[in-house]
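A note on names: the letters A, B, ... follow the listed sequences, proteins ahead of strands, and every chain is numbered from 1.
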Amino acid sequence: MLDIKWIRENTEKFDTAMKNRGSSVTSSNLLELDKTRRNIINKMQELQAKRKTISKEIGMLKAKGGDAAALLEEMQGISPAVKNLEEQDRQANIELENALIALPNIPEDCVPAGKDEDDNVEIKKWGTPREFDFEPSPHYEFGEKLGLDFATGAKLTGARYAWLQGDIARLERAIATFMLDHLRDKGFTEVSVPLIVNDASMIGTCQLPKFAEDSFNVGDDRWLIPTAEVPLTNSMRDTIVAPENLPIKMCAWTPCFRSEAGSAGKDTRGYIRMHQFFKVEQVVIAHPEKSDELLNELTKNAEEILEKLNIPYRTIILCTGDMGFSAKKTYDIEAWVPTQNTYREISSCSNCGDFQARSMKARFKNKEGKTEFVHTLNGSCLATGRTLVAILENYQNEDGSLTIPDVLQPYMGGQKVISVK
RNA sequence: GGAAGCGUGGCAGAGCGGUUGAAUGCACUGGUCUUGAAAACCAGCAAGGGUGAAAGUCCUUCGAGAGUUCGAAUCUCUCCGCUUCCGCCA
């Protein structure tokens, strides 16, 4: 959530940022709401103060055994009036908050302005795509013979669910363990988190109220996590951390659940866009001065995984129109998919600044002893399902077998190849 | 799932319906003392918001919400959470 005070003081910047984000909201309407709200507050507080002093006087008088009739008379009508103003205040706050909560984060200055994914900017390219001396097969065809089974997934649940069997299932687990070990070496603390969270957590990381459709609601106020970012980041909700404890680096390997509303027809083939997929997620709670640097670190951690796996990739910076709601800067990493002759998203690393921290009330004490919002960052390292896809695509052999990347072999008990049964 | 108890500041822990935003202890910060440290002593130390250039000042907040009252941390109700016991069960 954005800070109304900041908007008040940076109206022009706010207006251009919203325009670049593809939002039609302007500051004027918000400032109007803010103004009426503050007017109500002033009136309300004046009356509250009156009630408080008279009430104290009554108390003192009664303690001395005096007659408070005159004061009680004066109090007549104050309480209902206060209550009325308090109600108005509540309404005004809700109205302002509803307006604010619908606004995306302000992009950082260095983020390229643009409308959609076509305006994203490539900033790095690594590795050379393999020269195949045979026609490579798409992972969903080639992988099927190795245990990647969509039919059984569809039978059990429906479209966009898969059944992985045998070595291919083991390989996905190996991938995840490899990634977690990598992050452990980087100083991340591994966490095993709840996979179901409440409304407050979903609001904390800004999945709610705007994107309720994207997640699975499991009754009342509970949700299946769309990413481990939600539980990990929300661990800091309503807390004030000591600055010496920053940054806090956490990671978790979890299933992620997404309804994929609005993506009908997209990526329907293959293990790319599932309702349920595994992902290793990194979350960092940072000092505001360090968050930019830490975003580079998160991105590098993810890139290193692909380098160790020897999978070509490119890193892009998302333009203003393509960035996620909470982010002020995002790097996407895309892995090479030979049969599509293109790079496909495998990781997304974002600096959310104080955007989530404000809705979560996650703070720290700064040098002056004042509380200040922390910055939150998150990034996949990586989506394990899509990493499996990248390996299937890049490491396949002509005879239908799959070479296991060197770094993963220790996690597979030394196995070097997955062969067709 | 059933029953009982409990939810107060970073933590522990007081708090007859009325000068209680809240005693006390610990922790923390600054100071005195010391060659230095410890100890001792002195002082400070909640968050959010309004107003203000600032100093300041005012309002709100004792799990959340509603109610009783001139006045609620304190009384009533609902909800949430935790603990213990019983039941069930990886």
Side-chain angles (χ1 to χ4, degrees), chain A residues 1-10 30-101 192-204 208 218-223 231 234-246 248 255 285 354-374:
Chain A
M1 190 164 63
L2 293 174
D3 182 9
I4 184 65
K5 272 190 202 161
W6 184 89
I7 296 173
R8 217 187 281 157
E9 286 155 18
N10 298 275
L30 291 164
L31 294 180
E32 196 56 43
L33 288 174
D34 180 44
K35 203 173 154 192
T36 44
R37 172 184 142 262
R38 285 190 290 157
N39 279 335
I40 292 166
I41 288 173
N42 285 335
K43 280 190 225 158
M44 175 182 75
Q45 292 192 349
E46 201 180 312
L47 262 191
Q48 282 173 331
K50 195 170 171 190
R51 179 180 68 178
K52 203 171 164 182
T53 47
I54 296 178
S55 184
K56 267 185 189 168
E57 282 172 38
I58 292 173
M60 282 189 276
L61 249 176
K62 289 214 165 173
K64 286 184 209 150
D67 179 16
L71 287 172
L72 286 173
E73 174 74 32
E74 202 180 337
M75 277 294 258
Q76 284 294 337
I78 290 185
S79 258
V82 168
K83 215 159 267 180
N84 181 276
L85 283 164
E86 281 172 347
E87 182 53 33
Q88 286 184 41
D89 174 56
R90 195 171 308 126
Q91 287 308 325
N93 269 316
I94 289 170
E95 241 178 281
L96 180 63
E97 191 155 305
N98 284 346
L100 286 174
I101 215 164
S192 172
V193 299
L195 305 179
I196 294 177
V197 295
N198 56 24
D199 277 349
S201 295
M202 291 289 276
I203 291 167
L208 287 181
V218 286
D220 298 329
D221 68 333
R222 301 287 144 103
W223 302 79
N234 272 283
S235 65
M236 301 311 296
R237 174 153 51 82
D238 292 318
T239 58
I240 301 175
V241 263
E244 61 267 24
N245 292 334
L246 298 175
I248 297 169
I285 309 299
D354 62 7
F355 190 80
Q356 293 178 325
R358 183 170 293 102
S359 42
M360 274 198 316
K361 299 187 182 64
R363 294 152 292 172
F364 73 102
K365 289 262 185 216
N366 67 17
K367 277 187 202 120
E368 291 79 44
K370 293 229 168 116
T371 54
E372 204 180 314
F373 290 114
V374 296

Problem set entry | Gap in Å between the two C1' atoms, one belonging to rU60(B) and one to rA40(B), rounded | 40 Å
Exercise. Considering all heavy atoms of both residues, which atom of Phe364(A) and which atom of Phe373(A) are nearest to each other, and what is their separation?
Worked result: CE2-O, 3.5 Å
Which side-chain N or O atoms in residues 354-361 of chain A pair as donor and acceptor under 3.5 Å with protein atoms at least two apart or in another chain?
| from | atom 1 | to | atom 2 | distance (Å) |
| --- | --- | --- | --- | --- |
| Asp354(A) | OD2 | Arg358(A) | NH2 | 3.0 |
| Gln356(A) | OE1 | Thr376(A) | OG1 | 2.7 |
| Gln356(A) | NE2 | Thr205(A) | O | 3.2 |
| Gln356(A) | NE2 | Glu229(A) | OE2 | 2.8 |
| Arg358(A) | NH1 | Met1(A) | O | 2.9 |
| Ser359(A) | OG | Gly204(A) | O | 3.2 |
| Ser359(A) | OG | Gln356(A) | O | 3.1 |

Problem set entry | Gap in Å between the two P atoms, one belonging to rA4(B) and one to rG17(B), rounded | 25 Å
For nucleotides 25-29 of chain B, give me every protein contact, N/O to N/O, under 3.5 Å, one pair per line with atom names.
none

Exercise. For atom P, what is the distance between rU20(B) and rG56(B), given to the nearest Å?
Worked result: 22 Å
For this session: For nucleotides rG18(B) and rC77(B), find the distance between their C1' atoms and express it as a whole number of Å.
Result: 24 Å
For this session: For RNA chain B, find the residues of residues 36-44 of chain A with a heavy-atom distance under 4.0 Å and give them by number; none if there aren't any.
Result: Arg37(A), Arg38(A), Ile41(A), Asn42(A)
For this session: Could you give the distance separating rC11(B) and rA46(B) at their C1' atoms, to the nearest angstrom?
Result: 13 Å
Exercise. In whole Å, what separates the P atom of rU76(B) from that of rG2(B)?
Worked result: 23 Å
For residues 79-91 of chain A, tabulate all N or O donor-acceptor pairs below 3.5 Å that involve a side-chain atom, not counting sequence neighbours.
| from | atom 1 | to | atom 2 | distance (Å) |
| --- | --- | --- | --- | --- |
| Asn84(A) | OD1 | Gln88(A) | NE2 | 2.8 |
| Glu86(A) | OE2 | Gln48(A) | NE2 | 3.0 |
| Glu87(A) | OE1 | Arg90(A) | NH1 | 2.5 |
| Glu87(A) | OE2 | Gln91(A) | NE2 | 3.0 |
| Asp89(A) | OD1 | Asn93(A) | ND2 | 3.3 |

Exercise. Going by number, which of residues 82-93 of chain A have a non-hydrogen atom under 4.0 Å from RNA chain B?
Worked result: Arg90(A)
Exercise. When rounded to the nearest Å, what value does the distance between C1' atoms of rA53(B) and rU61(B) take?
Worked result: 29 Å
Exercise. What would the secondary structure line of RNA chain B be in dot-bracket form, counting Watson-Crick and G-U wobble pairs under 3.5 Å, with [ ] for pairs that cross earlier ones and | for pairs with another strand?
Worked result: ((((((((.[[[..)..(.....]]].(((((.......))))).((((((....)))))).[[[[[..)....]]]]])))))))....
Between the protein and nucleotides 88-90 of chain B, are there any N/O to N/O pairs under 3.5 Å, and if so, what are the atom names and distances?
none

Is there any protein nitrogen or oxygen under 3.5 Å from a nitrogen or oxygen in nucleotides 11-22 of chain B, and what are the pairs?
| from | atom 1 | to | atom 2 | distance (Å) |
| --- | --- | --- | --- | --- |
| rG18(B) | N2 | Ser55(A) | O | 3.3 |

Exercise. When the C1' atoms of rA37(B) and rA54(B) are considered, how many whole Å apart are they?
Worked result: 40 Å
Problem set entry | side chain to side chain donor-acceptor pair (under 3.5 Å) partners for Asn198(A), two or more places apart | Ser201(A)
Problem set entry | Heavy-atom pair with the smallest gap, counting every atom of Ala99(A) and Leu30(A) | CB-CD2, 3.6 Å
Exercise. So, is Ser79(A) close to the rG71(B) phosphate, meaning a side-chain N or O under 4.0 Å from OP1 or OP2?
Worked result: yes
For this session: Report the residues that fulfil salt bridge (charged side-chain N to carboxylate O under 4.0 Å, His left out) with Arg237(A), sequence neighbours left out, ordered by chain and then residue number.
Result: none
